[in-house]
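First comes the structure, then the notes that go with it.
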There are 2 protein chains.
Amino acid sequence: MARRSATGRIGIADVAVKAGVSHATVSRVMNGNFTVDPDIASRVRAAAAELKYQPNPVGRSLALGKTDTIGIVVPDLANPTFQAILRGLSRAAAQDGYRVLIADSFEVSSEETILAGEARRRCDGLVLCAPRMSDAELEEIAPSLHPLVLINRTSAAANVPTLVVDYGQGVQDLAEHLVDLGHTRLAFLAGPPRSASNGMRLQGLEAFKAAHPHVDVRMLEGGSDFDTGHEAVDAVLESGATGILAFNDLVAMGLMSGLHERGMDVPGDISVTGFDDIPFARYTTPALTTAAVPITELGEQAWHQLRALIRKEENDAPGSRYQPRLQVRASSGPAKAPRSTVHG
Amino acid sequence: MARRSATGRIGIADVAVKAGVSHATVSRVMNGNFTVDPDIASRVRAAAAELKYQPNPVGRSLALGKTDTIGIVVPDLANPTFQAILRGLSRAAAQDGYRVLIADSFEVSSEETILAGEARRRCDGLVLCAPRMSDAELEEIAPSLHPLVLINRTSAAANVPTLVVDYGQGVQDLAEHLVDLGHTRLAFLAGPPRSASNGMRLQGLEAFKAAHPHVDVRMLEGGSDFDTGHEAVDAVLESGATGILAFNDLVAMGLMSGLHERGMDVPGDISVTGFDDIPFARYTTPALTTAAVPITELGEQAWHQLRALIRKEENDAPGSRYQPRLQVRASSGPAKAPRSTVHG
DNA sequence: GCGACCTGAGAAAACGCTTTCTTGGGCAAG
DNA sequence: CTTGCCCAAGAAAGCGTTTTCTCAGGTCGC
């Protein structure tokens, strides 16, 4: 009856007809414009309610030039870190009436640029987690993404708030912790080679090595997931290290699992530390010593920064730096007498 | 120079001017319409490239009546189950060029209805995970959500594919497993009272009790997260049960953690089973016996069902039922001699 | 050589909304 | 009683696309 022909959905025109007013008046009523006669307003509201009219957000977005939606690009939705960022972002944005559109690049850095652009065009702003993207490319696209917040990347582009976790400091804290426990042979189970946060960890380790020339710190190739850690068990054992700094909690858990299969005791034989303090880190056996990152809060902050940009507010603190907090649990313990290295 | 005044972004009009053609021709070229002269086409493409023109998706959506976006409503983004569904959905949809808009209801069932409606209007279809919503309300809103796929809920509404996990069968399999190990006193650590999937588990347990009148099955109140399991430790010990069926893996992990703190041995003193087989279930200590649900695949299937609806394809199999697979690990073991009940 | 057909590109309408512009009517002041 | 103002509501112009409609020019056939 009142169905529109084209889309089949109820439109503003149907309400206007039913209430005997113009489209404009319906729009005014729906948007709480008070320059409309109360009688007419209630007539419109009645008509809208009866037809169960709901404004079409697409038409609205086109007219208003905003979508009330923000985008987030993540490299891997299976990674608890990005899940947590997404959660914090989504919750904070929802409180201001914004929704979140997700774009998962599945670790393909070439996709990140395209996805970011596409997502940005559909949204009012973008949160970008693109650890593998080259600096050059980032600088290239950053301006076109403008209401943009970066996570764990810095950019020279103007007006791009940056939320970074101080991985360098975190890994130093963990290394110090192991040294305090008497470990003198450490190994860093690295993350993906081109990862920005891995770079920060490496820088931190350089600083650490400079400050502790007597400590042997080996670098081992790795990755960012559980399997990586599990597969690295041989390399770890060969290294002869007694204190292992895993790239993150996932890798640490994989490594502990592998070590357990080899009959090694953690922390009796080897101490293992993670990074991030994902929810499950408390519940591994042994519970994982790690550097806690307030990651959900980071997602929340990302929204606040983005909101300021969208609202064109002055932002006195464009971005912030998060200091990981050393979280000592049972996976790290006193070094025992140095084991002999299997090779070399 | 070529910037449009209103939004500041490059529009189709700018390209048209630069290429010396009409808006319509630019549109034709951008959409690969071959009725346009090759020379003109390349001139348009050159102009578009030079201006870095990218069509505005909002305008496009309005004209086309589609957004290339689907929505998903989840009760809790912190729950690994929904994270996995989201992941599977997002990946599958991305392969067909669709994006995913997320709406987290934060377990507030009254929000679910509103969120679902809003999300649906912005998208071409919706995946709804609303375990707490009443059946009545679901039936009420289902038609208006139409390209709609339900997860772990059934609906009488026409054309609503339903993807359900057979929690009833899964919990029976787990109970059988415990009985086979010699347990005669079981306890079910229930999920949220109004949860649909909890209801399915309860039905399964009724069937189990009917088939095994000699087995004592206690019902304990619970919830769906880690803390719930952790807090339930007293109730579990009081129940005197030696085989515990936790609502899900999270609850089971919390319970095991609590039991460990109490000095109880799993599975020596008490066997614990979970449900879902979340990624971390393999890595708890002891590794968790659970009922594995191919949850990421379920998200993927949700997309396929939704896609069929969006494309108005005939769908011979509207929905499917997933059978959990018993995954025996170390958290379940032979019953030891019955413990005495603390109370009663 | 002229008319019918066809092709290719511009003009304009449509998508569903918001908002500016316009207009008519009521009221107050001169 | 007339003139000017103000206010409320309708008309219309966007927002940025796609797509239909229209028309001009060229080609082919007779």
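Note on naming: letters A, B, ... go to the chains in the order of the sequence lines (proteins, then strands), and numbering restarts at 1 for each one.
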* Which of residues 56-63 of chain A sit near DNA chain C, with a heavy atom under 4.0 Å from it? -> A/Asn56, A/Gly59, A/Arg60, A/Leu62, A/Ala63
For [X] and [N], what is the distance between atoms [atom1] and [atom2] respectively, to the nearest whole Å?
X       : N      : atom1 : atom2 : result
A/Ile12 : C/dT19 : CD1   : P     : 11 Å
A/Met30 : C/dG16 : CE    : C1'   : 13 Å
B/Lys66 : C/dA14 : NZ    : P     : 22 Å
B/Asp14 : D/dG16 : CG    : P     : 9 Å
B/His23 : C/dA14 : NE2   : P     : 17 Å
B/Leu64 : D/dC15 : CG    : P     : 20 Å

* **Pairing residues for B/Gln301 by the side-chain hydrogen bond (donor to acceptor under 3.5 Å, both in side chains) criterion, not counting sequence neighbours** => none
* Asked: Can you name the side-chain hydrogen bond (donor to acceptor under 3.5 Å, both in side chains) partners of B/Asn79, sequence neighbours left out?
  -> B/Thr81
How would you list all residue pairs meeting salt bridge (charged side-chain N to carboxylate O under 4.0 Å, His left out) that involve [range], not counting sequence neighbours?
range                       : answer
residues 78-90 of chain A   : none
residues 33-62 of chain A   : A/Lys18-A/Glu50
residues 126-138 of chain A : A/Glu107-A/Arg132, A/Asp135-A/Arg153

Selection from [options] that lies nearest to any side-chain heavy atom of [X]:
X       : options                : result
B/Arg28 : D/dT18, C/dG10, C/dT19 : C/dG10
B/Thr25 : D/dG10, C/dA9, C/dT18  : C/dA9
A/Ala24 : D/dA12, C/dA9, C/dA12  : D/dA12

* Can you pull the ring-ring contact (aromatic ring centres under 6.0 Å, His included) pairs that have at least one residue in residues 81-126 of chain B, sequence neighbours excluded? -> B/Tyr98-B/Trp303
* To do: Could you list by number each residue of residues 33-44 of chain A showing a heavy-atom separation from DNA chain D of less than 4.0 Å, or answer none if no residue does?
  => A/Thr35, A/Val36, A/Asp37, A/Ile40
* Residues two or more places apart in sequence or in another chain: which of them pass side chain to side chain contact (heavy atoms under 4.5 Å, CB included) with B/Ser144? -> B/Ile141
* Of all residues at least two apart in sequence or in a different chain, which pass the side chain to side chain contact (heavy atoms under 4.5 Å, CB included) check with B/Pro147? -> B/Arg120, B/Leu306, B/Leu309, B/Ile310
What's touching nucleotides 24-26 of chain D from the protein side, N or O pairs under 3.5 Å?
none

Distance-only donor-acceptor hits, side chain of residues 123-131 of chain B, under 3.5 Å, sequence neighbours excluded:
| from | atom 1 | to | atom 2 | distance (Å) |
| --- | --- | --- | --- | --- |
| B/Asp124 | OD1 | B/Thr67 | N | 2.7 |
| B/Asp124 | OD1 | B/Thr67 | OG1 | 2.9 |
| B/Asp124 | OD2 | B/Thr67 | N | 3.1 |
| B/Asp124 | OD2 | B/Asp68 | N | 2.8 |

* Asked: What's the shortest heavy-atom distance between B/Ser105 and B/Leu115, and which atoms?
  -> CA-CD1, 3.6 Å
